[in-house]
**Q** 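Handing you this structure, nothing more for now.
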Amino acid sequence: METWAPMSISEKDLRVRFAPSPTGALHVGGARTALYNWLAARHSGGKLVLRIEDTDLERSTEANVRQIIEALEWLELDWDEGPLSQVARAPEHAAALQRLLDSGAAYHDAATADDVRAWKNEHGAGKGYRGIPDPDGSGAVRLRVPADGDTVVDDLIRGEVRFPNASQDDFVIARADGSVLYNFAVAVDDAEMGITEVIRGDDHLSNTPKQLLVLGALGVEPPRYAHVPLLHGPDGKKLSKRHGAASVQELREAGYLASAVRNYVALLGWGPGDDETLLDTAELIARFRPEDVGRSSAVFDEKKLRWMNGRYMREMDLDRYTEAVATFEGRKVDERLRVACMIAQEKAQTLAEVWPLIRFLFEEPVEDEKAWRKTMKDHATSALTSAREALAGLESFEAAGVEAALEPIPERLNLKPGKVYQPIRVAITGTTVSPGIFESVAALGKVETLDRIDSALRRLATAPEPAA
RNA sequence: GGCCCCGUGGUGUAUCGGUUAGCACGCCAGGUUUUCAACCUGGAAGGGCGGGUUCGACUCCCGCCGGGGCUACCA
């Protein structure tokens, strides 16, 4: 049998990480990165570690950390180690920094950002800045970058990407106060946490040579990198808040299922290689390989998610469906909700669409003047009168019985079926859209149905519509 | 400006030197139908542009154009 993974990756020892910075909600792009890491770990039997990239004290908040963790939990993506705070590792960072300072691989430079900009103006933007070691050891700490040669990233997805050292600045790895910067902390952490494969967004590709340089200075073996393309909105711009449901939280509130979101998001930039579209989580785990991820950026298209979500909704068994609706609406599961869900299941594409379809079973009909005017024309009175009569004589109020009772009416009145059923629908629900009329009537029950038909009839008598 | 990545229909993708360029969402038309969905059938719609290489390029090379990322004592 052929082995799937490249020889360089020993399956069980794979260690990946998801390292979000808690500067905002987890959005779809981050969710996909998390998913890919999770799939890689579960596929190989390796480990996933969750690390919170919180070294930006200004923007990182506890609330954001909580929100990200909740989003991951909702997505049902678990991790094996963590969450670890990056700031908590400050001592390790400081130690690594000191080693570099001692070895001369890094040095203090008194130059400010303005100084560097001025230097660039003079020497050209394509030339990497080289600082001057400050004799007093003050100023930010910069890493010494080789004068020439390339730093090459051997990327699982991109292939070999070369970055000329000559155009790379001696970049800052620690502030004057000694606190380390992102590219340094990441490199140190990935190395010390034994990360074997870094799967992250494309926006980090340009950062990778810096991390490689840090790792090289530290004398440690770098992990393998896999940079996945970024996600864009329908307008082609980088995905952001302005693109509708962009965060996991919003997706959840819009009534999507975690399973559908996982399936959909997995397909953004990755495919199983054949024409399969609906892949459950087990299949995703079995078939996902980071090296199969595409190179071009993808656009998040909510329309397809909606379709896919509808598929998942219809495939759920009734108990789980009812449970999901109850949770979404903040209600208790009971027999009535169960019946409601049963008759609505095939109609809704999202959890949010369920309640409008079944609320008439729990509340008075909604007020919808447009629906009333459109439906309650002249024929409505005779249709409703006949329906009431037929229903009133019913012993058992099952959908089949209701259908048998109502079904002869259109012909008897010489009306199209819709002319009979729509008035009933509007009478009992208030709207023109509902689950099947027979099921709806049956679910509502005899007393309430008759009652609602009666009040519709009363209204028709009091305020007759002009002839249709 | 500099460095880097990307470019198959509206969207996600398959094919990766020879195909009627496949599939899915969406869209359009028709069917089914008690509404809305669902479902069924059919249809429109694609290799950014220009040069090469080759008997033959969506597939390889170069240029251009377009999109994106990084360029902070942010992450």
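Predicted model, so just to flag it, every value in this text is computed and none were measured. Below, chains carry the letters A, B, ... as their sequence lines are ordered, and counting in each starts from 1.
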**Q** Please walk me through it: do A/Asn263 and A/Tyr312 pass side chain to side chain donor-acceptor pair (under 3.5 Å)?
**A** CA-CA 10 Å; A/Asn263 189 161; A/Tyr312 275 84; 2.5 Å; yes
**Q** When the P atoms of B/G18 and B/G1 are considered, how many whole Å apart are they?
**A** 39 Å
**Q** Within the structure shown, what part of the strands sits under 4.0 Å from A/Thr431 by heavy-atom distance: base, sugar-phosphate, or nothing?
**A** nothing
**Q** Can you name the residues that form a ring pair (Phe, Tyr, Trp, His ring centres under 6.0 Å) with A/Trp79, not counting sequence neighbours?
**A** none
**Q** Check every strand shown and say whether A/Ser206 touches a base, only sugar-phosphate, or nothing at a heavy-atom separation below 4.0 Å.
**A** base
**Q** Got a sec, which pairs hit side chain to side chain donor-acceptor pair (under 3.5 Å) with one end in residues 139-148 of chain A, sequence neighbours left out?
**A** A/Asp109-A/Arg142
**Q** With a 4.0 Å cut-off on heavy atoms, is A/Arg314 in touch with a base, just the backbone sugar-phosphate, or nothing at all?
**A** sugar-phosphate
**Q** Can you list the residues that meet the side chain to side chain donor-acceptor pair (under 3.5 Å) rule with A/Asp134, with sequence neighbours excluded?
**A** A/Ser138
**Q** Could you tell me whether A/Asp203 contacts a base, only the sugar-phosphate backbone, or nothing, with contacts defined as non-hydrogen atoms closer than 4.0 Å?
**A** sugar-phosphate
**Q** For residues 341-352 of chain A, please give each side-chain donor-acceptor pair under 3.5 Å, one per line with the distance, not counting sequence neighbours.
**A**
residue: A/Gln345; atom: NE2; partner: A/Met313; partner atom: O; Å: 2.9
residue: A/Gln345; atom: NE2; partner: A/Met316; partner atom: O; Å: 2.8
residue: A/Thr350; atom: OG1; partner: A/Ala352; partner atom: N; Å: 3.4
residue: A/Thr350; atom: OG1; partner: A/Glu353; partner atom: N; Å: 3.3

**Q** If we take the P atom in both B/G51 and B/U59, what is their distance in whole Å?
**A** 14 Å
**Q** Reckon A/Glu346 touches a base, only the sugar-phosphate, or nothing at all at heavy-atom distances under 4.0 Å?
**A** base
**Q** Not counting sequence neighbours, list each pair that qualifies as a ring pair (Phe, Tyr, Trp, His ring centres under 6.0 Å) and has a residue in residues 402-422 of chain A.
**A** A/Tyr421-A/Phe438
**Q** Heavy atom of residues 171-179 of chain A under 4.0 Å from RNA chain B: which residues?
**A** A/Val172, A/Arg175, A/Ala176
**Q** Taking NZ, NE, NH1 and NH2 as the nitrogens, is one of them in A/Arg459 or A/Glu367 under 4.0 Å from a carboxylate oxygen of the other?
**A** no
**Q** Provide the distance between the two P atoms, one in B/G63 and one in B/C25, to the nearest whole Å.
**A** 40 Å
**Q** Mind jotting down which residue pairs meet the salt bridge (Lys or Arg N to Asp or Glu O under 4.0 Å) criterion with at least one end in residues 155-182 of chain A? Sequence neighbours excluded, please.
**A** A/Lys120-A/Asp169, A/Arg130-A/Asp170, A/Asp150-A/Arg162, A/Arg158-A/Asp202, A/Glu160-A/Arg162
**Q** Indicate, with a heavy-atom threshold strictly under 4.0 Å, whether A/Pro410 touches base, sugar-phosphate, or nothing.
**A** nothing
**Q** Using the P atoms only, state how far B/G48 lies from B/G9, rounded to an integer number of Å.
**A** 7 Å
**Q** So A/Arg158, base contact, sugar-phosphate only, or nothing? Heavy-atom distance under 4.0 Å.
**A** sugar-phosphate
**Q** Look at all strands and tell whether A/His227 reaches a base, only sugar-phosphate, or nothing, counting heavy atoms closer than 4.0 Å.
**A** nothing
**Q** For A/Lys303, answer base if it contacts any base atom (sugar-phosphate contacts may also be present), sugar-phosphate if it contacts only those atoms, and nothing otherwise; contact means non-hydrogen atoms under 4.0 Å.
**A** sugar-phosphate
**Q** Describe the nucleic acid contact of A/Gly310 in one word from base, sugar-phosphate, nothing, applying a heavy-atom distance below 4.0 Å.
**A** nothing
**Q** Look at all strands and tell whether A/Pro229 reaches a base, only sugar-phosphate, or nothing, counting heavy atoms closer than 4.0 Å.
**A** nothing
**Q** In whole Å, what separates the C1' atom of B/A45 from that of B/A29?
**A** 15 Å
**Q** Of A/Ile157 and A/Leu267, whose nearest nucleotide on RNA chain B comes first from the 5' end?
**A** A/Ile157
**Q** Determine the contact category for A/Phe163: base if any of its heavy atoms lies under 4.0 Å from a base atom, sugar-phosphate if only primed atoms, P, OP1 or OP2 are that close, otherwise nothing.
**A** sugar-phosphate
**Q** Which nucleotide of RNA chain B is the first, and which the last, in the 5' to 3' direction, to come under 4.0 Å of a heavy atom belonging to chain A?
**A** B/G1 to B/A75
**Q** Quick one: does A/Lys416's side chain have a donor or acceptor within less than 3.5 Å of a partner on A/Pro410's backbone?
**A** no
**Q** Please, which pairs that meet salt bridge (Lys or Arg N to Asp or Glu O under 4.0 Å) have at least one residue in residues 255-269 of chain A, sequence neighbours excluded?
**A** A/Glu76-A/Arg262
**Q** Would one find more than 12 heavy atoms of other residues, nucleotides or ligands at under 6.0 Å from atom CD of A/Glu398?
**A** no
**Q** Scan A/Ile437 against the nucleic acid and name what it touches under 4.0 Å (heavy atoms): base, sugar-phosphate only, or nothing.
**A** base
**Q** Between B/A57 and B/U15, how far apart are the two C1' atoms, rounded to whole Å?
**A** 14 Å
**Q** In whole angstrom, give me the gap between the C1' atoms of B/C65 and B/U32.
**A** 49 Å
**Q** So A/Ser434, base contact, sugar-phosphate only, or nothing? Heavy-atom distance under 4.0 Å.
**A** base
**Q** With A/Tyr264, which residues qualify under ring pair (Phe, Tyr, Trp, His ring centres under 6.0 Å), at least two apart?
**A** A/Phe300
**Q** Can you give the dot-bracket line for RNA chain B, using ( ) for pairs inside the strand, [ ] for pairs that cross earlier ones, | for pairs with another strand and . for unpaired bases, where Watson-Crick and G-U count if both distances are under 3.5 Å?
**A** (((((((..((((....[...)))).(((((.......)))))....(((((..]....))))))))))))....
**Q** Hey, which sits more toward the 5' end of RNA chain B by its nearest nucleotide, A/Glu160 or A/Leu305?
**A** A/Glu160
**Q** Among all residues two or more places apart in sequence or in another chain, which pass the side chain to side chain contact (heavy atoms under 4.5 Å, CB included) test with A/Thr429?
**A** A/Phe360, A/Arg425, A/Thr431, A/Ser434
**Q** Using the C1' atom as the point on both nucleotides, what is the distance between B/U71 and B/G12, in whole Å?
**A** 31 Å
